[in-house]
J.: 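Supplied in structure tokens, the structure appears directly below.
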Amino acid sequence: MSPASGHAAATADVETNEHPLSGLAFLSDQKTLTITDVTKLKRLRRKQLSASTSHALYPDKCSVSMVIDRLMPREDGVFEANQLGTAAHAVLEHLFSLPGSERTKARASAIAREYRENFEFANEMLGHGLAPLVHALNEADTAKWFREVDVRTHGLWEIEDPTQVTVFRNEMGFGADNEFNVNIGRVPFVGYIDRVDKIVDPTTGEIVGYKVIDYKMGKYKEPDPKFPDNPDEYGDQIKVYVAAMFGVTGFWPESGSLVFAKHHRERVIETSREAVAGAVERFEAAYDRMHDMADKNEYPTKPGPLCSWCVLVNNCPAAVNPRNGIAYEDLSNTVKVPFDELPAAEQAKGKNWPAWKKAKGVRVVGLDDEGNPLPLKAIPRGEVTIPTVQFPAPSDSDEANARRMATGITNGAAQQTDTSAHRATAPSTNTTEGNTPMTITAPAPQQKRLVDGVSVNDADIDGVLNARSNSAFAVTDLSMFAVAELAKGNQPITGGTVKALVDTLATIVQNVEFALTGATSYQSGTNRLARNALKNTVATLPLPWGQDLTAWDKWFESARKRTSATLNAGIRLYEAGDQLPDAPFQSLAAETA
């Protein structure tokens with residue numbers, strides 16, 4: 001079957017008035033969504049990835065919710081949270097392009113009012129989707145819109161003095177048609193940093209660093225302590241921005257902040273290289289997950305407290321109420337309301353609600369001021385039917401089809417000619433050039449000994465070593481060092497010799513680490529420092545190859561002491577600060593008669 005026939009041809013002339021969720025189906029497990037319209041499958045695979053999009057691809061998220069978000073049209077109401085956020089962002093973008101002395105609350109309000117009066121200016125700053133909506137507001141709604149935008153910008157003056165800020169970059173753009181192009185790890189990055197400030201020494205006036213800032217127009221948010229294993233999405237966003245800025249400027253931002261202007265709060269994010277490295281790994285993992293799900297054409301559900309907030313809640317067979325484990329009642333004619341925005345009487349009724357419900361809010365019947373139903377926030381039952389399929393659905397990748405379908409069966413999906421950069425090139429099968437096809441000859445392990453986790457901070461996942469962790473790097477660093485030293489000493493490299501030397505080196509590292517911290521951990525920074533000091537020790541105190549046990553025992557103790565002394569010398573230097581003696585080299589000079 002050619003790409004011009006079969007399913008690809010059947011979806012080529014889709015009517016424009018079809019429901020945006022047509023062309024979807026659940027596999028027979030009732031837990032996995034698949035895309036039967038390959039034109040929509042292509043919309044779920046991106047060559048460049050933004051920080052915010054990557055969060056929807058984290059493993060703690062429901063990938064079906066992500067699919068729905070991509071395929072459903074945006075809500076156009078001018079008072080929607082995302083639209084008000086867009087307007088407030090635009091006000092602050094324009095404000096910080098002005099001289100410092102002009103960055104006042106009054107000027108911020110004036111910018112918002114100019115959007116209402118000057119359509120060309122609004123179209124430039126708000127976009128051609130939002131600008132007409134703002135200009136169509138009646139008098140009462142215009143006043144309300146001004147208040148909503150002001151409350152999202154004026155809180156900034158409770159956090160900082162915008163007149164004293166020295167801006168390095170305002171709306172710093174990456175990827176697409178923007179000024180900068182950079183890879184985060186191995187992933188092409190697209191996005192905007194709201195603001196990058198110069199950190200200026202108040203005494204000398206010198207630039208001593210840079211600060212990355214992202215505006216948040218919603219509620220103040222910190223990681224939920226009830227779910228310590230879930231990534232900190234907002235924090236990761238700042239860390240990815242730090243990596244992006246460093247990649248194009250060579251400057252490492254010393255500070256990063258999330259500014260929740262509406263709630264007058266700032267959240268400072270750690271921007272150490274180790275913290276940023278963890279976020280970069282999660283960003284790469286999200287990119288891989290996006291392509292892997294598209295390759296397989298399988299998007300798993302993840303039922304939980306957020307099901308009641310999903311527009312697909314009435315139609316998803318996996319959506320269940322976590323309180324009782326059964327499907328939700330019809331939630332079509334309801335709106336989502338955060339707990340703290342409910343009337344006091346309603347809050348009192350829900351005082352015994354579980355913490356997750358208070359944190360996420362509830363659905364209530366949506367009525368306007370006159371008691372009329374508001375526009376629906378969930379897809380009504382029966383409006384769209386998502387069928388269940390008993391066979392693998394079409395994919396936009398011949399590679400995926402070959403894996404998932406029986407020999408001789410094809411789905412007619414168009415071939416993907418753009419090779420994804422995230423995957424390694426497949427072994428060549430072109431024998432006319434003298435190449436021999438490569439195949440995997442090793443048997444699959446009975447039990448996995450490595451697993452690719454998300455965070456470098458997780459040493460293992462369910463007891464299996466996390467290949468991305470600091471621990472994995474530490475133990476392989478020691479084993480590679482041992483092999484290199486065996487080769488350097490012309491010693492046999494066998495399982496027994498490698499194990500003996502690795503254990504010897506690891507024992508020295510753990511002794512030194514324990515003497516400094518009272519603990520040992522391959523995850524720790526102290527372990528890394530001890531390994532580096534040990535490598536220097538071995539370079540200056542060669543291993544006693546060919547000598548007896550007494551010589552090895554003497555070498556071990558000398559190596560332990562020298563490694564420990566190396567670290568302690570560095571620590572003493574730090575503790576001394578700038579209080580160093582004059583002519584400290586005196587003790588190094590040779591005595592003369």
Side-chain angles (χ1 to χ4, degrees), residues 252 272-275 277-278 456-457 459-460 465-593:
W252 188 273
S272 68
R273 301 200 178 224
E274 186 176 22
V456 296
N457 297 316
D460 60 76
L465 179 61
N466 172 16
R468 298 179 185 273
S469 68
N470 296 327
S471 291
F473 179 84
V475 294
T476 53
D477 181 44
L478 281 171
S479 63
M480 289 188 292
F481 180 45
V483 170
E485 286 300 313
L486 286 165
K488 187 188 300 183
N490 295 317
Q491 300 300 307
I493 300 175
T494 66
T497 58
V498 172
K499 180 180 183 302
L501 186 53
V502 166
D503 289 353
T504 299
L505 300 174
T507 302
I508 294 174
V509 168
Q510 290 182 4
N511 267 269
V512 171
E513 182 182 4
F514 187 84
L516 289 169
T517 67
T520 62
S521 171
Y522 287 119
Q523 284 288 103
S524 72
T526 306
N527 187 280
R528 182 179 68 251
L529 293 175
R531 294 196 313 272
N532 288 338
L534 175 60
K535 291 177 183 178
N536 183 72
T537 293
V538 172
T540 58
L541 188 67
L543 293 158
W545 298 121
Q547 300 184 47
D548 61 16
L549 184 59
T550 301
W552 272 96
D553 191 60
K554 181 180 179 181
W555 177 89
F556 179 91
E557 186 60 19
S558 297
R560 184 191 64 79
K561 289 180 178 179
R562 187 171 297 186
T563 302
S564 179
T566 301
L567 284 188
N568 278 293
I571 296 169
R572 182 207 58 79
L573 181 63
Y574 174 81
E575 292 172 345
D578 59 359
Q579 303 301 312
L580 299 175
D582 294 332
F585 46 80
Q586 287 181 354
S587 61
L588 303 175
E591 293 186 7
T592 58

J.: Would you give the length of the straight line joining atom CG of L567 to atom OG1 of T526, rounded to the nearest 0.5 angstrom?
T.: 8.5 Å

J.: Does N527 reach the side chain of T520, with side-chain heavy atoms less than 4.5 Å apart?
T.: no

J.: Can you tell if the side chain of Q491 reaches within under 4.5 Å of the side chain of L501, non-hydrogen atoms only?
T.: no

J.: Between A559 and L541, which heavy-atom pair has the shortest distance, and what is it?
T.: N-CD2, 3.7 Å

J.: Work out which heavy atom in Q523 is nearest to a heavy atom in S469; give both atom names and the distance.
T.: OE1-CB, 3.6 Å

J.: Is the shortest side-chain heavy-atom distance between T517 and S524 below 4.5 Å?
T.: no

J.: Taking side chain as C-beta onward, heavy atoms only, is Y522 less than 4.5 Å from L465?
T.: no

J.: Counting only N and O atoms by type, is there a donor-acceptor contact under 3.5 Å from the side chain of N511 to the main-chain atoms of T507?
T.: yes

J.: Just wondering, are more than 12 heavy atoms of other shown residues or ligands nearer than 6.0 Å to CZ in F473?
T.: no

J.: Hey, what do you get for NZ (K488) to CH2 (W545), rounding to the nearest 0.5 Å?
T.: 10.5 Å

J.: Would you say that more than 12 heavy atoms from the other residues, nucleotides or ligands in this model lie under 6.0 Å from the NZ of K561, or not?
T.: no

J.: Grab the two heavy atoms, one from V538 and one from W555, that are nearest each other, plus how far apart they are.
T.: CG2-CZ2, 4.2 Å

J.: Going by heavy atoms in the side chains, are L534 and V512 under 4.5 Å from each other?
T.: no

J.: Show the nearest heavy-atom pair for residues P492 and L486, with the distance to one decimal.
T.: O-CD2, 4.2 Å

J.: Quick check: do I508 and T537 have side-chain heavy atoms less than 4.5 Å from each other?
T.: no

J.: Taking the side chain as everything from C-beta on, heavy atoms only, tell me whether F481 gets closer than 4.5 Å to V502.
T.: no

J.: May I ask you to decide if R560's main-chain N or O and S564's side chain share a donor-acceptor pair within less than 3.5 Å?
T.: no

J.: Report yes if the side chains of R531 and L478 come closer than 4.5 Å at any heavy-atom pair, otherwise no.
T.: yes

J.: Which heavy atom of P544 sits nearest to which heavy atom of A551, and what is that distance?
T.: CG-O, 4.2 Å

